[in-house]
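Scroll down for the structure; my scribbles are underneath it.
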Amino acid sequence: MDFREAVIEALTHALGDDASSLDWGRFLSPPKKAEMGDLAFGCFPLAKARRMAPPQIAAEVAAAIEPTGPIGKVEAVGPYVNFFADPLASLNALTGALADGAFDASMRSGTSTRIMVEFSQPNTHKTFHVGHLRNVLLGDALVRVLSARGHDVVPVNYYGDFGIDVAKCLWWLTTQDVGTPPAEGRTAWLGAAYSQANTAITITDEDDEATQAAKHAQFKDIREVLRRMEEGEPDITQLYRETRQWCLDEFADVYRWLDVRFVHDFFESELEAPARAIVDAYLAKGTFVESEGAIICDLEDVGLVPALVRKSDGASLYMTWDLALAADKFDKFGIERSYYVVASEQNLHFQQLFATLEKMGYDRAKDCRHVSYELVMLPDGKMSSRKGTATPFHELRHGVLDAIETKMRAEARTERESWTDDQWHETARKVAIACLKYGMLRAGNTRRVIYKLEDWLNPEGDTGAYLLYSLARISGIFRKTDEAVDLATAIDAGGEFGGQAERDLLGHLGRLPDVIRRVEDTLDPSAIAQFLYDGAKKFSRFYQECPVLKADDDTRRARLALCKAAETVFTKALALLGIEPVEAM
RNA sequence: GUCCCCGUAGCUCAGCUGGAUAGAGCAUCGGAUUCCUAAUCCGAAGGUCACAGGUUCGAAUCCUGUCGGGGAUACCA
C-alpha cells in the first residue's frame with residue numbers, strides 16, 4: 001500500500017461517517033512547506049457537521065491516528081492534520097516503481113489517442129531567428145510529453161515556401177548586385193534580401209510623388225516575378241528551386257542540431273490547387289458565400305467576424321490553405337486530435353478556422369486546439385524578419401557554444417583533464433542546448449520572452465546549465481564508487497536516512513507523473529521546467545548536507561538509492577524537454 | 001468600439017482545481033571549500049499581489065468595474 005492510500009485509510013477510520021462524502025483530491029494535498037510533512041488534510045469541510053473549529057477537529061483526528069507502515073508520523077498544526085511518510089518506506093516505494101515500470105505507467109494516460117502536432121512552420125527565403133526557436137522547442141516538448149503520456153503522436157511541419165514574400169526575395173536577387181551567398185547562414189542571407197526588398201518598396205510619409213510612383217512600379221515588378229513563378233518560367237523557377245532548397249537544407253540542419261523530428265512535411269506551394277477546389281465546392285454548397293466581391297464563411301452565429309477564404313481578386317490566403325491542410329490531416333492521417341503551435345497573434349485566425357471547419361461538417365473540429373504562446377521580444381520591441389531586426393539562429397548557436405566552451409576551459413577540473421576535443425565539443429553542445437531549451441521553455445506560454453544574450457549565457461542560477469550540473473554531480477558520485485545500486489532491491493535499514501533534505505527530495509521526485517498529467521491539459525511544458533529546477537535545488541541541498549560515500553553502510557546504501565532515483569527521474573524529465581544529460585561538466 | 005493575453009520584491013518570473021507566515025533566480029550585503037564537481041550551498045534585506053468593489057468561514061487565485069502594457073479586429077502572411 002502506498003503512502004497516500006494509507007493516509008486515506010487512516011483518515012477514513014478516524015473520521016467514521018464523516019469521511020464517506022469527502023473529496024480526497026481536494027482536501028488532501030502536500031503542505032506548503034516540506035518540513036510540515038508530506039500530505040496534509042485540511043479539516044475545513046468537517047467544521048459545519050461537527051460544529052467545531054477546524055483546529056480542534058485537527059487535534060482530535062491526529063490523536064486518533066496511530067502511525068504505522070508507510071505513515072511515519074502524524075501531527076496537528078492549526079486546522080491541518082499533517083502526515084509524514086516513513087522515509088525508508090517511501091524510498092523503497094519509489095525505487096520499486098522505477099524498477100518495475102509502475103512509475104512510467106503512472107505517467108501514461110488511460111487511453112491512447114492519435115494526435116497531430118503541427119509546429120515550426122518556417123518560411124523559406126526569410127531569416128530563421130530566435131523567435132522561431134520558441135515555437136520549435138514548445139512544439140517538440142509537447143510531442144515528447146504527449147508521447148510519454150502514451151499517445152500516438154504525429155509531429156508535422158508546414159513550410160511557407162511560396163507567395164509574394166518569396167517573390168520579393170527573388171526580385172531583389174535578380175535586380176540587385178548581391179554578391180555570392182555565404183557558406184553558412186544562407187537563409188539569413190536570403191532573409192536580408194527579402195528585408196531589403198521590403199524596405200525598398202515600403203512607402204513612407206517623406207516620399208515625394210516620383211519616389212512613390214517608382215515604388216509602385218517596383219511592386220508591379222514583384223507581382224510579375226510571382227506570376228512567372230506561378231507559370232513555371234524556367235529561369236525564375238530554377239532560382240526559386242535552388243534557393244528554396246538552401247532553406248530546407250538549413251532548416252533540416254537546425255532540427256538535427258536541436259534533435260527535433262517531424263514525420264511529415266506539408267508545403268504551402270502544394271496546397272493552392274486543393275484549396276481552390278475546397279472554396280469552389282463549399283461555395284456551391286452554400287457554406288461559403290460571396291461578399292463585397294470576396295468569398296467568406298459567415299460566422300456571426302458563433303460570435304465571430306466572417307472568415308475570408310478568397311480575396312476579391314481571386315487569390316487565396318492563409319485561411320484557404322489552412323482549410324485544405326486541415327482537410328488533408330483529417331482525411332489522410334486519421335487523426336483524432338489536431339494541435340497547432342502558433343503565436344498568439346493568430347488567436348482569432350484559429351477560432352475562425354475551427355468554426356469554419358465545423359460548418360464544413362468536420363466533427364473533429366472540436367478536437368482541434370490552438371497552442372497559443374506569446375512572442376520572443378527584443379528589449380526594445382518586436383522582432384521582425386520584415387525589418388531585419390531579428391538575431392539569426394546560427395548567430396545565436398555560435399554565440400552560446402563559444403561562450404560555454406570558453407567558460408569550461410577557463411576553469412580547471414580533474415574530470416576534464418582527459419577529455420578529447422570531441423568530448424569538449426559534445427559537452428559544450430549539450431550544455432548549450434540545455435541553456436537554450438530551458439531558457440525558452442521555463443516561461444509559461446502566455447508570457448512574453450525578452451531575448452537578451454547575456455541572460456542566456458549567465459552561468460549562475462536558474463538556467464539549463466544548473467540542471468545539467470546537478471545531474472553531473474550525481475554521476476560524479478557513482479564514478480567514485482564500485483557499489484552498484486539495484487533499484488529493484490528494497491533496502492531494509494536506512495541508518496540516518498530520513499533528514500529534511502532527503503525527505504524533501506524524495507517527495508519531489510514522486511510528483512513528476514502529476515506534473516506531466518497537468519501538461520497534457522494545459523499544453524504548457526513550463527511546469528516541467530519548474531519541476532526540474534525545484535528538483536535540482538532540492539538535490540543541491542541534499543548534496544551539501546548529506547555525505548553519501550562517507551556515510552555508514554546503511555545510510556550510504558539508502559542515499560545511493562536516492563541518488564539513483566533522482567538521476568533516473570531527472571533524466572526522464574529532461575528528456576521531456578529534449579535535453580540530454582552530461583556525465584561531467 | 002469589441003475580443004484575447006499580461007500587471008506579484010529594484011529586475012526576470014513561480015504560485016496546481018480558493019486554504020497554513022505569498023516563493024525562487026538576478027542584483028545588494030554577510031557567511032561556508034583539509035570533505036562525493038563552488039556553474040554550489042547557507043543567511044540578511046527587499047511585497048498595500050495595479051486599483052476599487054463583490055462572492056466566501058477564508059481571495060494573489062473566482063466575479064464585476066477602472067487604470068496601465070501588449071496583441072487581434074475580412075482582401076499581409
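Proteins come first, then strands; the chains are lettered A, B, ... in the order of their sequence lines, and each starts at number 1. Here the structure is a predicted model, which is why all the values come from computation and not from measurement.
Taking the P atoms as reference points, B/G53 lies 50 Å from B/A32, given to the whole Å. With both ends at atom C1', the span from B/A24 to B/C42 equals 15 Å, rounded to whole Å. Taking atom P on both nucleotides, B/U28 is separated from B/C16 by 31 Å, rounded to a whole Å. B/A14 and B/G25 have their P atoms separated by 16 Å, with the value rounded to a whole Å. Separation of the C1' atoms belonging to B/U17 and B/G69 is 29 Å when rounded to the nearest angstrom. Atom P of B/A9 sits at a distance of 15 Å from the matching atom of B/U61, rounded to the whole Å. Nucleotides B/U55 and B/C26, compared at atom C1', are 39 Å apart to the nearest Å. If you take atom C1' in B/G68 and the same atom in B/C51, they sit 11 Å apart, rounded to whole Å.
The A/Thr446 side chain lies nearest to B/C6 when the options are B/C35, B/C36, B/C6.
Between the P atom of B/C76 and the CG atom of A/Asn123 lies a distance of 16 Å, rounded to the nearest Å. For A/Leu353 and B/A74, the CG to P distance is 17 Å, given to the nearest whole Å.
Taken to the nearest 0.5 Å, the CG atom of A/Leu467 stands 8.0 Å off from the CG atom of A/Asp462.
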Legend entry - Intermediate values then yes/no, salt bridge (Lys or Arg N to Asp or Glu O under 4.0 Å), A/Asp534 and A/Lys537: CA-CA 5 Å; A/Asp534 289 344; A/Lys537 277 215 78 81; over 6 Å; no

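Checking A/Ser475 against A/Met36, the closest nucleotide of RNA chain B that is more toward the 5' end is the one next to A/Met36. The nearest heavy atom of RNA chain B to A/Glu415 and to A/Glu268 marks one nucleotide each, and the one closer to the 5' end goes with A/Glu415.
Electrostatic pairing of A/Arg416 and A/Glu411 does not count as a salt bridge here, judged by no charged N lying under 4.0 Å from a carboxylate O. Salt bridge annotation for A/Lys311-A/Glu292: absent, with no cationic side-chain nitrogen under 4.0 angstrom from a carboxylate oxygen.
Phosphate proximity of B/A77 to A/Lys311: present, with a side-chain N or O under 4.0 Å from OP1 or OP2. In this model, the phosphate group of B/A20 is approached by a side-chain N or O of A/Lys32 to a distance below 4.0 Å at OP1 or OP2. Contact annotation: A/Lys126 does not reach the phosphate of B/A77 (side-chain N/O to OP1 or OP2, under 4.0 Å). Put simply, A/Arg447 has a side-chain N or O that comes within less than 4.0 Å of OP1 or OP2 on B/G7. Proximity of A/Tyr466 to the phosphate of B/A38: no side-chain N or O atom is located under 4.0 Å from OP1 or OP2. At the phosphate of B/C41, OP1 or OP2 sits under 4.0 Å from a side-chain N or O atom of A/Lys537. Taking side-chain N and O atoms only, A/Arg448 has no distance below 4.0 Å to OP1 or OP2 of B/C13. A sub-4.0 Å separation between OP1 or OP2 of B/C42 and a side-chain N or O of A/Arg541 is present.
Contact of A/Ser291 with B/A74 (side chain to base): a donor-acceptor pair of N or O atoms is detected under 3.5 Å. Side-chain atoms of A/Ser344 stay outside donor-acceptor range of the base of B/C4, with no qualifying N/O pair under 3.5 Å. At a cut-off of 3.5 angstrom, the base of B/A74 holds at least one donor-acceptor pair with the side chain of A/Glu292. Between the base of B/A27 and the side chain of A/Glu460 there is no donor-acceptor pair shorter than 3.5 Å. For A/Asn82 against B/A20, a side-chain N or O and a base N or O form a donor-acceptor pair under 3.5 Å.
Residue contacts shown for A/Gly444 are limited to sugar-phosphate atoms, with no base heavy atom under 4.0 Å away. A/Met319 comes within 4.0 angstrom of nothing in the nucleic acid, heavy atoms only.
For the pair A/Lys564 and A/Phe478, the distance from NZ or CZ to the six-membered ring centre is under 6.0 Å and the angle to the ring normal is within 45 degrees.
Judged by distance alone, the side chains of A/Glu268 and A/Trp321 never bring a donor and an acceptor atom under 3.5 Å apart.
In terms of heavy atoms, A/Gly444 sits closest to A/Ser526 at CA-OG, 3.6 Å.
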